[in-house]
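Down below is the structure, laid out as structure tokens.
Nothing fancy with the numbering, it's 1 onward along the sequence.
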Amino acid sequence: MKPLHNPESHNFLMPALMVIIGLALFAGMDAVMKGLSVAMGAYNAVFWRYAAGVVLIGLLFFSRRPRRPSRRAMRLYLIRGALIAVMAFLFFWGLVRVPLAEGVALSFIAPLIALYLAAVLLKERIGRNTIFASLLGLTGVLVIVAGKMEGDFGPEAQWGVAAILLSATAYAYNLVLQRQMALIAGPVEIAFFQNAITFCCLLAVAPFFAVVPDAGHWPALAGAAALAIVSLLAVTWGYARAEAQYLVSLEYSAFIWAAILGWYVFGEAITWATLFGTALIVAGCLLVAWRRPQKAEIVEAAVG
């Protein structure tokens with residue numbers, strides 16, 4: 001099957017810009033979800049956000065009179081939906097126990113892992129500049145974490161860190177799946193099946209954990225769902241038009257928005273270590289964004 005989009009027909013700047021916009025919106029969703037997770041518990045915040053997301057994206061998806069997805073696409077949707085259910089719960093459970101900026105910083109291990117998964121699963125060639133950019137961004141993350149976490153942390157924070165690192169490992173594979181799906185399906189279809197399948201996975205344990213939210217929580221839940229959907233549409237559009245290895249380092253830009261929102265919404269201080277680490281992250285992002293590949297080769301991976 002030929003890919004839906006050919007990245008050689010698009011300038012790299014626009015895919016990169018759409019991914020950065022999508023990541024900024026996703027950071028906003030993280031801030032909303034952290035507040036909801038504190039108020040409702042991580043499971044209920046994630047479960048009801050996806051319930052709202054299914055309704056919102058479902059209206060858009062079915063209004064377009066969609067065709068039936070291919071068997072390969074459905075297999076990818078099922079794998080990714082189950083993965084995201086676990087990944088989202090772990091991330092927001094951990095985010096309740098650590099500051100927003102630090103939680104996002106810890107998750108930045110994912111793009112580095114994804115670079116090498118892209119080489120193995122998507123047969124993408126990893127250039128030296130791309131590896132250097134990723135390491136530069138990761139160094140920025142380590143500077144921030146060292147500066148923020150030099151104090152003593154209790155068992156709750158330690159479990160939070162562990163949960164976010166596990167979530168980040170799953171997210172690395174999610175990035176590769178995102179690229180695979182973007183080559184064979186449109187953003188709206190991907191967003192609908194991601195929300196629907198993830199919701200069904202969470203629904204399996206709803207009889208044991210779900211609690212109907214208070215009316216006052218629904219605007220935030222709907223807002224978080226809308227931010228997640230628009231973010232996913234923007235990021236998927238970008239991944240359909242440029243190789244994963246040239247986009248994953250842009251994931252580091254999410255820290256900038258997380259630091260700002262953590263300070264503004266939750267009163268989390270921004271230190272000099274944070275500023276220096278952020279400068280390294282931005283440098284890594286710019287290094288990738290300015291180096292457009294000379295020839296973008298697409299080799300569809302066999303999903304075994």
Side-chain angles (χ1 to χ4, degrees), residues 2-30 104 107-108 110-112 114-119 122-141 171-172 174-191 227-261 277-300:
K2 293 183 179 180
L4 186 65
H5 302 290
N6 184 352
E8 292 184 321
S9 64
H10 297 270
N11 188 286
F12 177 69
L13 180 61
M14 279 307 298
L17 181 61
M18 290 298 288
V19 169
I20 290 172
I21 290 172
L23 292 170
L25 294 174
F26 203 77
M29 186 274 296
D30 283 344
V104 172
S107 72
F108 285 154
L112 187 61
L115 277 174
Y116 303 101
L117 287 177
L122 301 182
K123 311 302 181 185
E124 293 184 359
R125 295 178 181 177
I126 307 300
R128 285 181 296 178
N129 278 14
T130 302
I131 295 173
F132 177 72
S134 179
L135 292 174
L136 191 63
L138 185 60
T139 300
V141 170
Y171 185 58
N174 168 68
L175 289 173
V176 176
L177 289 173
Q178 183 168 271
R179 169 65 172 164
Q180 289 177 307
M181 292 189 301
L183 295 176
I184 60 175
V188 174
E189 179 182 308
I190 292 171
L227 285 170
I229 289 169
V230 176
S231 169
L232 178 60
L233 294 175
V235 170
T236 301
W237 190 94
Y239 269 79
R241 291 161 172 81
E243 287 188 357
Q245 64 165 309
Y246 295 101
L247 295 176
V248 291
S249 291
L250 299 179
E251 297 279 331
Y252 295 125
S253 67
F255 178 83
I256 300 170
W257 313 113
I260 293 171
L261 290 168
T278 300
L280 292 175
I281 291 167
V282 172
C285 292
L286 292 177
L287 181 61
V288 172
W290 285 343
R291 184 183 178 275
R292 183 175 183 264
Q294 297 298 315
K295 182 178 180 181
E297 296 181 0
I298 297 178
V299 180
E300 292 193 76

What is the minimum heavy-atom distance between V104 and D30, and which atoms define it?
-> CG2-OD2, 4.2 Å
So CD1 of I20 and OG of S253: to nearest 0.5 Å the spacing works out to 5.0 Å
For T236 and I190 the tightest heavy-atom approach is CG2-CD1, 3.5 Å
Considering all heavy atoms of both residues, which atom of G238 and which atom of V19 are nearest to each other, and what is their separation?
-> CA-CG2, 4.0 Å
What is the distance from atom CG of L232 to atom CG of L227, rounded to the nearest 0.5 Å?
-> 12.5 Å
Tell me, please, which residues at least two apart from A172 pass side-chain contact (heavy atoms from CB on, under 4.5 Å).
-> A110, I113, A114, L117
Minimum heavy-atom distance between T139 and L280, given as atom pair plus value | CG2-CD1, 4.0 Å
For L138, all residues meeting side-chain contact (heavy atoms from CB on, under 4.5 Å), sequence neighbours excluded = L112, Y252
Residues S231 and G22: closest non-hydrogen pair is OG-O, 2.6 Å
Once you round to the nearest 0.5 Å, how far does CG of L13 lie from CE of M18?
-> 12.0 Å
Between atom CD1 of I256 and atom CG of L23, what is the distance when rounded to the nearest 0.5 Å?
-> 10.5 Å
Would you name the heavy atoms of L261 and A27 that are closest together and state the gap between them?
-> CD1-O, 3.5 Å
L177 CG to Y171 OH distance, which is reported to the nearest 0.5 Å | 12.0 Å
Selection residues 15-29 - residue pairs positive for side chain to side chain donor-acceptor pair (under 3.5 Å), sequence neighbours left out | none
Please round to the nearest 0.5 Å and tell me the distance separating atom CD1 of I21 and atom CH2 of W237.
-> 10.0 Å
